Amino acid sequence: MVRDQIAARGIRDRRVLEAMASVPRHEFVLAPFRDSAYEDRPLPIGRGQTISQPYIVARMAEALELKGKERLLEVGSGSGYAAAVFGRLAAEVYGIELEPELNDRAVKVLASLGVRNVHLRAGDGFQGWPAQAPFDAIVLSCAAPELPAPLWEQLRMGGVAVMPEGEAGRVQRLVRIRKTIQGPRKEVLELVAFVPLRRP
Ligand code: SAH
């Protein structure tokens with residue numbers, strides 16, 4: 001998976017490749033999909049949601065420019081897979097998932113793998129996690145027309161947010177937004193297709 005899908009498509013960050021190689025993706029998918037866990041595609045995780053394609057997780061991880069000391073917020077932590085990958089690259093990861101059922105399963109999987117620096121809770125990620133802010137980096141694993149204002153507030157100056165920008169069912173743009181004193185500085189990275197950020 002790492003060689004053929006991720007390195008072959010241009011991901012060079014050695015720490016990202018190591019993180020992708022070390023997290024057992026089959027533990028995060030539903031039992032009927034275990035045999036497909038390392039295929040080049042998203043897979044269902046229940047509640048109509050999907051675990052992202054491995055390459056996209058790697059692309060987002062690389063775009064976050066994590067060096068190891070960061071506090072990262074993930075909105076839409078779903079199965080916990082991407083959060084586990086980010087957990088290999090940052091100091092502390094905070095994940096919020098709207099669907100309590102998915103969150104409960106993710107908490108159990110991470111505990112069974114002995115992951116201690118990834119903290120998950122169920123809730124509306126639009127609001128961020130004020131008690132743990134500010135964050136050095138924020139990643140959205142669901143698409144939104146723009147970065148929600150509470151998340152911008154909770155991003156530290158100089159930090160980056162990576163998100164699929166756009167509407168559900170349309171082609172979205174994966175963007176990196178840097179918080180500068182002059183305001184947001186945005187780069188378009190890639191075209192993507194994510195499930196939408198929903199409001200409860
Ligand atoms: N990173 C996840 C991908 C899950 S798909 C993984 O590796 O498995 C995106 C997730 O965003 C879905 O589980 C969906 O329920 C969640 N989501 C949608 N709107 C949300 C919101 N407002 N707050 C938190 N999570 C949300």
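Computed from a prediction, not measured in an experiment: that's the story for all the values here. Counting starts at 1 for both ligands and their atoms, following the listed order.
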L102: numbered ligand 1 atoms lying under 4.0 Å from its heavy atoms: 13 (O)
Ligand-residue contact atoms, ligand 1 with I96, heavy atoms, under 4.0 Å: 24 (C), 25 (N)
Atom 24 (C) of ligand 1: nearest protein contact (heavy atom, Å): L98 N, 3.3 Å
A83 to ligand 1, any heavy atom closer than 4.0 Å: no
Presence of salt bridge, E65 and R178, under 4.0 angstrom: yes
Contact (N/O only, under 3.5 Å) between A82 and ligand 1: yes
Any V115 side-chain heavy atom under 4.5 Å of V118 side chain: yes
Proximity to ligand 1 by part of Q49, non-hydrogen separation under 4.0 Å: side chain
Subset of ligand 1 atoms that lie under 4.0 Å from at least one heavy atom of T50: 3 (C), 4 (C), 5 (S)
Heavy-atom gap R47 to ligand 1 smaller than 4.0 Å: no
Backbone of E92 reached by a side-chain donor or acceptor of N117 within 3.5 Å: no
Atoms in ligand 1 with a heavy atom of E74 nearer than 4.0 Å: 1 (N)
For atom 16 (C) of ligand 1, the option (of Q127, E97, E99, E101) bearing the nearest heavy atom: E97
Side chain R176, main chain V162, donor-acceptor under 3.5 Å: no
Heavy-atom donor-acceptor pair, E99 side chain to G46 backbone, under 3.5 Å: no
Donor-acceptor contact present, side-chain K179 to main-chain L155, <3.5 Å: yes
Atom indices of ligand 1, in the order listed, that fall short of 4.0 Å to a heavy atom of S79: 6 (C), 7 (O), 8 (O)
Y38 backbone acceptor or donor facing Q5 side chain under 3.5 Å: yes
Residue part near ligand 1, for V195, under 4.0 Å between non-hydrogen atoms: side chain
Flag, side chain of E62 to backbone of R12, donor-acceptor distance under 3.5 Å: yes
Contact check, side chains of P24 and L113, non-hydrogen atoms, under 4.5 Å: yes
Within reach of ligand 1, part of P196 (heavy-atom separation under 4.0 Å): backbone
Test of proximity, R198 against ligand 1: N or O pairs below 3.5 Å: yes
Within reach of ligand 1, part of C142 (heavy-atom separation under 4.0 Å): side chain
Atoms in ligand 1 flagged as close to L197, the criterion being non-hydrogen separation under 4.0 Å: 18 (C), 19 (N), 22 (N)
Proximal atoms of ligand 1 relative to S77 (non-hydrogen, under 4.0 Å): 1 (N), 2 (C), 6 (C), 8 (O)
Sub-4.0 Å heavy-atom approach of R199 to ligand 1: no
Between E74 and S141, a side-chain donor and acceptor under 3.5 Å: yes
Main-chain N/O of V16 paired with E18 side-chain donor or acceptor, under 3.5 Å: no
Under 4.0 Å to a heavy atom of G123 - the qualifying atoms of ligand 1, by number: 23 (N), 24 (C)
